[in-house]
K.L.:
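Quick one: this structure, given as structure tokens, is what I'll be asking you about.
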Amino acid sequence: MLVDDAAGKIDDPLLTSTITTNLLGPIRLTSALIEHLKKQPRAAVIYNTSALAFVPLALTAVYSATKAAMHSYVLSQRYKLKGTPVSVLEIAPPWVQTDLLNSNEEPRAMPLKEFIEEAMKVLGTDAEEILVEQAKPFRNNPGPNESALVKDFNDSMISAPH
């Protein structure tokens with residue numbers, strides 16, 4: 001997750017690396033394995049997207065866009081694989097205290113242990129989208145007024161103390 005400037009020139013290596021890692025990599029890997037998975041009695045493909053798939057962080061516009069693209073791909077793949085033994089799951093975490101953007105001690109981010117515990121509970125259900133409570137407001141946002149949440153979220157991320 002690298003910072004970029006959607007209002008300026010995007011560094012081409014950053015663009016290429018982010019799209020390759022977050023979009024092309026998962027699609028290529030699943031494509032290479034999908035025929036094998038369809039022959040299994042039960043199989044699952046689990047993608048890791050982000051709450052940023054639903055509400056982008058303007059400071060990481062390219063990263064957010066790849067997560068939105070993966071969410072779209074997940075929906076398409078899930079539809080195309082219905083009636084097969086392959087389940088397509090999507091984990092869409094909120095901001096979690098990890099090494100990503102040095103967020104280990106960030107008080108606004110969800111503690112990693114708490115995220116794992118809550119996500120594992122949801123994985124134990126038949127949910128196709130693995131959403132912890134902190135991610136749900138982002139997921140429930142798309143609609144005619146989504147710009148307001150995008151603006152408020154980004155204003156809070158830019159103006160808040162780090």
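Note that the coordinates shown come from a computational prediction; the quantities given were computed from them, not determined experimentally. Note that these values count all heavy atoms, side chains included, but never hydrogens, waters or copies made by symmetry.
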K.L.:
Would you please test Val86 and Gln77 for side-chain contact (heavy atoms from CB on, under 4.5 Å) and show each step?
P.N.:
CA-CA 10 Å; Val86 183; Gln77 188 175 58; over 6 Å; no

K.L.:
For Tyr63 and Ser50, which I'm curious about, is there any donor-acceptor pair between the side chains at under 3.5 Å?
P.N.:
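No, because no side-chain N or O of Tyr63 sits under 3.5 Å from a partner of the opposite role on Ser50.
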
K.L.:
Is a donor on one side and an acceptor on the other found under 3.5 Å between the side chain of Arg78 and the backbone of Glu128?
P.N.:
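Yes.
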
K.L.:
Give a yes or no on whether Ile46 and Val74 share a hydrophobic cluster (residues Ile, Leu, Val, Met, Phe, Trp, Tyr; joining criterion: side-chain heavy atoms under 4.5 Å apart).
P.N.:
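No, Ile46 and Val74 fall in different hydrophobic clusters.
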
K.L.:
Are the side chain of Thr21 and the backbone N or O of Thr18 linked by a donor-acceptor pair below 3.5 Å?
P.N.:
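Not a single qualifying donor-acceptor pair exists.
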
K.L.:
Are Val96 and Leu123 connected in a single hydrophobic cluster, I mean Ile/Leu/Val/Met/Phe/Trp/Tyr linked by side-chain heavy atoms less than 4.5 Å apart?
P.N.:
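Yes, because Leu123 and Val96 connect within a single hydrophobic cluster, where side-chain heavy atoms sit under 4.5 Å apart.
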
K.L.:
Quick check: closest heavy atoms across Val122 and Leu131, and the distance to 0.1 Å?
P.N.:
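It is CG2-O, 3.8 Å.
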
K.L.:
Could you check if a side-chain atom of Ile34 sits within less than 4.5 angstrom of a side-chain atom of Leu81, using non-hydrogen atoms only?
P.N.:
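Answer yes - side chains close enough.
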
K.L.:
Between Lys121 and Glu118, is the closest basic N to carboxylate O distance under 4.0 Å?
P.N.:
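Between Lys121 and Glu118 there is no salt bridge, as every charged N stays at least 4.0 Å from the carboxylate O atoms.
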
K.L.:
In Å and rounded to the nearest 0.5 Å, what is the CG to OG1 distance from Leu37 to Thr84?
P.N.:
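Nearest 0.5 Å value for the CG-OG1 distance: 9.0 Å.
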
K.L.:
To the nearest 0.5 Å, what is the distance between CG on Leu89 and OH on Tyr47?
P.N.:
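So the gap between those two atoms works out to 10.5 Å.
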
K.L.:
Taking the side chain as every heavy atom from C-beta outward, state whether Pro56 and Leu52 have any pair of such atoms under 4.5 Å apart.
P.N.:
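SC-SC contact between Pro56 and Leu52 ruled out.
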
K.L.:
Return the minimal non-hydrogen interatomic distance between Ala51 and Ala135, and the atom names on each side.
P.N.:
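In this case the closest contact between Ala51 and Ala135 is CB-CB, 4.4 Å.
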
K.L.:
Give a yes or no on whether Leu112 and Met120 share a hydrophobic cluster (residues Ile, Leu, Val, Met, Phe, Trp, Tyr; joining criterion: side-chain heavy atoms under 4.5 Å apart).
P.N.:
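Yes, it is one cluster - the side chains of Leu112 and Met120 are joined through contacts under 4.5 Å.
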
K.L.:
Is there a path from Leu15 to Leu59 through hydrophobic residues (I, L, V, M, F, W, Y) whose side chains come within less than 4.5 Å of each other?
P.N.:
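Different clusters.
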
K.L.:
Linking I/L/V/M/F/W/Y whenever any side-chain heavy atoms sit under 4.5 Å apart, do Leu24 and Met70 land together?
P.N.:
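Yes, Leu24 and Met70 fall within the same hydrophobic cluster.
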
K.L.:
Return yes if a side-chain donor-acceptor contact under 3.5 Å exists between Gln97 and Ser103, otherwise no.
P.N.:
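Side-chain D/A pair, Gln97 to Ser103: absent.
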
K.L.:
Does Asp11 use its side chain to pair, donor to acceptor, with the backbone of Leu14 at less than 3.5 Å?
P.N.:
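Checked: pair present.
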
K.L.:
For a side-chain contact (heavy atoms from CB on, under 4.5 Å) check, start with the C-alpha distance between Tyr73 and Val88, then their side-chain angles and the critical distance, and finish with the verdict.
P.N.:
CA-CA 10 Å; Tyr73 187 79; Val88 180; over 6 Å; no

K.L.:
Within a strict 4.5 Å, meaning less than it, do heavy atoms of the Phe138 and Pro94 side chains meet?
P.N.:
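A side-chain contact under 4.5 Å is absent here.
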
K.L.:
Quick check: do Ser87 and Val45 have side-chain heavy atoms less than 4.5 Å from each other?
P.N.:
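Of all side-chain heavy-atom pairs linking Val45 with Ser87, none is under 4.5 Å.
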
K.L.:
Can you check whether Ala61's main-chain N or O pairs, donor with acceptor, with Asp4's side chain at less than 3.5 Å?
P.N.:
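Looks like yes, one N/O pair under 3.5 Å.
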
K.L.:
Go through Gln134 and Trp95 one step at a time and tell me if the side-chain contact (heavy atoms from CB on, under 4.5 Å) criterion holds.
P.N.:
CA-CA 9 Å; Gln134 283 188 353; Trp95 191 8; over 6 Å; no

K.L.:
Just one of His36, Gln40, Glu35 clears the side chain to side chain donor-acceptor pair (under 3.5 Å) bar with Lys38, so which one?
P.N.:
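The option that passes is Glu35.
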
K.L.:
Strictly below 4.0 Å, N to O, side chains only: are Glu117 and Lys113 in salt-bridge contact?
P.N.:
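Salt bridge present between Glu117 and Lys113.
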
K.L.:
What closest approach, in Å, do Met1 and Leu100 show between heavy atoms, and which atom pair accounts for it?
P.N.:
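Looks like CB-CD1, 3.4 Å.
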
K.L.:
Backbone N or O of Pro85 within a donor-acceptor pair of the Arg42 side chain at under 3.5 Å?
P.N.:
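No, because the side chain of Arg42 does not come within donor-acceptor range (under 3.5 Å) of the backbone of Pro85.
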
K.L.:
Test His71 against Glu129 for side-chain contact (heavy atoms from CB on, under 4.5 Å), laying out the working first.
P.N.:
CA-CA 10 Å; His71 172 68; Glu129 288 186 349; 3.4 Å; yes

K.L.:
Could you tell me the separation between the CG atom of Asn22 and the CD1 atom of Ile27, rounded to the nearest 0.5 Å?
P.N.:
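These two atoms lie 11.0 Å from each other.
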
